[in-house]
Amino acid sequence: KEKVKITKEQQALMKVVVEAYNRHQIPQDVAKKLLQEQYSEEENFLLLTEMATSQVQVLVEFTKNIPGFLSLNHEDQIALLKGSAVEAMFLRSAQVFSRKMPNGHTEVLEERIRKSGISEEFMTPMFNFYKSIGELHMMQEEQALLTAIAILTPDRPYVKDQQAVERLQEPMLDVLRKLCVLQHPQEPQYFARLLGRLTELRTLNHYHAEMLTSWRMNDHKFTPLLCEIWDVE
Ligand SMILES: O=C(NC1CCCCC1)[C@H]([C@@H]1CCCCO1)n1c(-c2ccc(Cl)cc2)nc2cc(F)c(Cl)cc21
């Protein structure tokens, strides 16, 4: 049985990505806000657009710290950010939802989100994803690497030099694979399950614009940054 070993370079790569991920947290805790009180549909929509806007800014800062990203062709940097921003937002929402909370808090959180104004039809796919992320009990290293791997997806629309993106994504996949083997020796399929979540994330991509425009309220206002990043307005 070959001994899996993380090399010095891979340790260094992981350290850079995890530190960048932890440095760029979402400012105020949206879960705490939602647990404190029940907001109206308009207030929930405003909360989401504010949180999502600040998350995009955080995502850009995180991405700039991914080794090699700033050496990519500039149009490709934009294409990768635009292509992954919604997935990163759902991935972060799933991680927030899956955090260990005092008894009953997750149920309150789920209830508040179900009543926040999102159309019924999107609840099942969204919460199925949140629960499948929760079942993985991901470590922060795995969360950071998975987010970096999602950003460095070579086949996003409009990416010209896909090979250059693959050359950045592969080392991340290698170190994540080794980390999964070392941290979850009883679960040989754990790495494959993690990557399977990225496939599930892409399906949420299809829904996100409709989730927003079908929010139970009139006159949906988006920030200019969200209009850029999300296919709305
Ligand atoms: O603000 C949210 N998420 C931010 C986004 C940036 C990163 C941090 C988390 C939303 C809030 C939920 C209440 C209604 C207003 O939206 N949200 C979504 C969500 C995301 C996309 C759509 Cl279209 C619909 C709902 N899922 C969440 C799961 C959670 F656990 C928590 Cl705490 C909040 C969550």
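This chain uses plain numbering: 1 for the first residue, then up along the sequence. All ligand and atom numbering here is 1-based and tracks the order in the structure.
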Engineer: Need the list: ligand 1 N/O atoms against protein N/O atoms, distance under 3.5 Å, rounded to one decimal.
Structural biologist:
from	atom 1	to	atom 2	distance (Å)
ligand 1	3 (N)	Ser93	OG	3.3
ligand 1	26 (N)	Tyr130	OH	2.7

Engineer: Report yes or no: does Tyr190 contribute a side-chain atom to a donor-acceptor pair with the main-chain N or O of Leu136 at less than 3.5 Å?
Structural biologist: yes
Engineer: Is the ring pair Trp230/Phe222 parallel, tilted or perpendicular, if the boundaries are 30 and 60 degrees?
Structural biologist: perpendicular
Engineer: side-chain contact (heavy atoms from CB on, under 4.5 Å) with Ala20: which residues, sequence neighbours excluded?
Structural biologist: Arg23, His24, Phe62, Asn65
Engineer: Would Val181 and Leu145 show up in the same hydrophobic cluster when neighbours are defined by side-chain heavy atoms closer than 4.5 Å?
Structural biologist: yes
Engineer: Please confirm whether Arg167 makes a cation-pi placement over Phe69, using NZ or CZ under 6.0 Å from the six-membered ring centre and within 45° of the ring normal.
Structural biologist: no
Engineer: Using the six-membered ring wherever Trp is involved, compare the ring planes of Tyr130 and Phe97 and label them parallel, tilted or perpendicular (cut-offs 30° and 60°).
Structural biologist: tilted
